[in-house]
Amino acid sequence: MFWRSVVGKLWITILLLVSVVLTVLMVLLLQSFERFHVNEAESRLLNHAVMISSIYQEYSSESDALNTIFQYTEAFDMHVIFLVEGEKVWSSDEAEAHQVALDTFFTDETLSQVFSGEQVVMTEGDFPFTGNGEEFLSEIMIVGIPLQLDNVEDSALFLYQSLSAIEEASNETRQIIYFSAGIAIVLTTIFAFFLSSRITAPLRKMRQVALEVAQGKFKTKIPILTHDEIGQLAIAFNRMGRELNNNIHALNQEKEQLARILVSMADGVVTLNKKGRVVLTNPPAERFIQSWYYEQGMNDDVDQILPDTLQTLFEKVVLLEKEQMSEVEIQGRSWTILITPLYDQDEIRGAVAVLRDMTEERRHDKLRKDFIANVSHELRTPISMLQGYSEAIIDDIAGSDEEKKEIAKIIYDESLRMGRLVNELLDMARMEAGHVELNIETVEVESFSERIVRKFQGLAREQDITLSLDSNEITTITCDPDRIDQVLTNLLHNAIRHTERGGQVTLAVCQYDEGIKFDVKDTGSGIPEVDLPYVFERFYKADKARTRGRSGTGLGLAIAKNIIDAHDGHISVHSKVNEGTTFSFFIPNK
């Protein structure tokens with residue numbers, strides 16, 4: 001509302017202040033002018049009375065004096081009564097309605113004093129008049145002057161005049177004062193409204209700018225129209241806006257930087273308030289919570305309920321005011337949780353939880369342990385055989401030369417097996433350390449594939465297995481031929497070794513725009529589905545029941561995968577039990 005605004009309040013304040021001042025001045029002026037008119041009328045009436053008394057006493061002819069007095073009273077609208085020895089001897093008005101009752105001059109305490117000496121009396125008030133047999137009151141002013149006649153007492157001249165003339169003058173003066181006061185109030189209203197609007201215009205502009213700043217428009221400025229306190233306030237407001245803009249900009253930069261850091265972190269971060277509700281999370285933490293929801297059979301729209309382990313750690317942090325750590329398994333992944341309290345001065349206002357996915361570390365720990373166990377297992381058999389057959393030679397258990405040659409052959413084969421194992425381990429170590437050196441050159445795929453197949457034709461015939469090559473107009477490939485030879489040798493040897501007699505092994509080569517794909521297919525026993533994800537792991541072996549004779553070291557496929565990865569390619573396997581297996585790898589064009 002207008003009355004609640006600064007303009008309205010300031011306008012009403014100025015108007016009330018001026019109205020009060022004008023009212024006081026009006027009352028004082030009216031009283032002053034009223035006294036002035038009364039005093040002026042009394043003085044004038046007294047002078048007239050003195051003049052009439054002089055005329056009456058100075059004229060030698062009473063008739064001339066009375067005639068002059070009559071004309072004088074007619075000119076000034078006054079009434080005169082002469083009392084001699086208490087009797088009225090002459091009056092300027094013969095009509096009874098215009099004459100004061102004679103008893104009034106003797107009964108009135110003030111008027112009666114004129115008969116006692118030379119005192120001049122003056123009074124005003126409501127006095128009785130007699131007319132048409134009725135008596136009524138009229139407000140008049142009366143002046144009484146004693147007449148100095150020879151040997152005559154109780155003689156006086158009374159001059160009276162109606163106060164209506166004084167009232168008319170007072171009313172006219174009052175109207176002038178009221179009119180002036182009205183003009184003053186109107187001018188004051190206009191001036192107050194103009195002044196208040198002039199003063200509050202910058203304030204309204206500041207209010208508008210403040211609302212825009214509240215909406216985020218920090219570059220809005222207030223125009224500097226004056227250099228007074230309001231102008232200084234506008235300057236201070238603009239400076240505040242600039243500082244606020246700079247601070248908000250800095251806070252946004254810090255917020256964005258913090259958000260980028262949280263998003264790019266590999267660890268999950270969860271910020272909790274004092275009630276244990278989630279305030280802030282990053283993507284890894286979201287994945288952790290979603291995994292927990294899925295494992296618990298809960299919906300994603302659950303109101304930020306914490307996992308039990310996290311909730312328990314949070315309660316301990318709030319209770320003990322110390323960081324807590326624990327590890328939890330969710331959906332086959334291992335998470336380490338570290339919760340640290342957050343303080344608001346001396347009170348805990350929440351906590352921050354850091355979630356680290358330790359699955360790979362635990363897997364690597366397991367792989368290291370398995371590696372040691374597998375190496376120990378792989379070395380134990382040949383070492384035991386070397387030790388046993390060596391003791392047989394030393395103890396002369398082998399009597400004939402043929403037995404000694406057979407034992408020596410076994411020791412030689414086991415030493416070769418140990419050599420292959422050590423060499424493959426060294427190759428694996430160099431590859432995983434990134435020290436694979438590729439001798440890249442252009443290779444004719446057709447002749448290269450035929451050479452590989454011919455190398456295994458003898459082994460395939462021994463096993464009564466059909467080995468064939470399937471290729472159509474293959475041109476060239478850029479690769480390290482020795483390394484690709486190593487991969488194909490490993491895959492073909494495995495295929496022949498795991499295929500029953502009468503089976504078939506095929507090397508298929510197909511060229512695409514992006515590169516060349518090699519497929520090694522067999523009709524062997526196949527690989528169980530549960531073993532397929534792990535066939536490229538070191539030392540991993542499927543069911544030994546499907547192998548004939550001595551099994552391999554379990555490193556061939558792992559070495560093959562590292563070689564293909566070094567060529568920026570990819571290798572995969574598809575298999576069904578008792579139907580066969582297909583190993584495929586793709587080498588992109590360089």
Side-chain angles (χ1 to χ4, degrees), residues 29-59 62 64-131 135-149 152-176:
L29 285 175
L30 288 175
Q31 292 179 354
S32 177
F33 277 108
E34 188 174 355
R35 286 195 300 269
F36 171 76
H37 287 302
V38 171
N39 294 333
E40 186 69 19
E42 289 177 350
S43 176
R44 185 171 60 252
L45 194 62
L46 179 60
N47 291 334
H48 290 322
V50 172
M51 178 62 72
I52 292 172
S53 175
S54 299
I55 293 172
Y56 183 78
Q57 294 179 3
E58 295 296 332
Y59 272 61
E62 183 178 359
D64 293 338
L66 293 176
N67 186 35
T68 301
I69 292 171
F70 179 76
Q71 295 177 357
Y72 189 88
T73 56
E74 285 291 330
F76 292 99
D77 191 19
M78 295 179 296
H79 305 279
V80 179
I81 295 177
F82 286 96
L83 296 178
V84 178
E85 293 183 350
E87 296 293 335
K88 182 178 78 171
V89 296
W90 186 80
S91 173
S92 60
D93 290 317
E94 295 300 330
E96 292 183 357
H98 296 160
Q99 294 182 7
V100 180
L102 293 179
D103 295 341
T104 303
F105 300 112
F106 299 100
T107 57
D108 188 82
E109 182 179 356
T110 302
L111 295 178
S112 61
Q113 294 178 1
V114 74
F115 299 108
S116 62
E118 298 181 355
Q119 183 178 1
V120 177
V121 296
M122 182 179 298
T123 186
E124 57 185 54
D126 291 333
F127 291 94
F129 281 75
T130 305
E135 184 176 294
F136 60 90
L137 298 177
S138 179
E139 192 174 9
I140 59 175
M141 179 182 291
I142 302 177
V143 176
I145 298 178
L147 294 177
Q148 303 296 329
L149 299 176
V152 177
E153 295 181 353
D154 296 335
S155 298
L157 163 66
F158 291 97
L159 182 64
Y160 60 93
Q161 185 179 25
S162 176
L163 291 178
S164 60
I166 299 175
E167 287 294 331
E168 291 178 0
S170 298
N171 290 335
E172 185 177 355
T173 302
R174 190 178 294 109
Q175 290 177 358
I176 294 173

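Residue numbers count from 1 along this sequence.
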Report summary line: When rounded to the nearest 0.5 Å, the distance separating CG of L66 from CD1 of I55 is 10.5 Å
**Report entry** Min side-chain heavy-atom separation F33-R174 under 4.5 Å
**Finding:** no
Report summary line: In this structure, CG of L45 is separated from CD of E40 (nearest 0.5 Å) by 11.5 Å
**Report entry** Contact check, side chains of F82 and I52, non-hydrogen atoms, under 4.5 Å
**Finding:** yes
Report task. Could you check L157 against V80 for side chain to side chain contact (heavy atoms under 4.5 Å, CB included), going step by step and ending with a plain yes or no? Result -> CA-CA 7 Å; L157 163 66; V80 179; 2.9 Å; yes
Requested in this report: Would you mind reporting whether V120 and V143 have side-chain heavy atoms less than 4.5 Å apart?
Outcome: yes
Report summary line: The reported gap from CE in M78 to CE in M141 (rounded to nearest 0.5 angstrom) is 12.5 Å
Query raised in the report: Heavy atoms, side chains only, cut-off 4.5 Å: are M51 and Y72 in contact?
Result: yes
Query raised in the report: Do T73 side-chain atoms and I69 backbone N/O form a donor-acceptor pair below 3.5 Å?
Result: yes
Requested in this report: Please answer whether the main-chain N or O of N39 pairs with a side-chain N or O of S43 as donor and acceptor at a distance below 3.5 Å.
Outcome: no
Requested in this report: Go through the structure and list residues passing side-chain hydrogen bond (donor to acceptor under 3.5 Å, both in side chains) with N47, not counting sequence neighbours.
Outcome: none
Query raised in the report: Can you find a heavy atom in the side chain of M122 that is under 4.5 Å from one in the side chain of L46?
Result: yes
Query raised in the report: Given side chains that start at C-beta, do those of I81 and W90 come closer than 4.5 Å, heavy atoms only?
Result: no
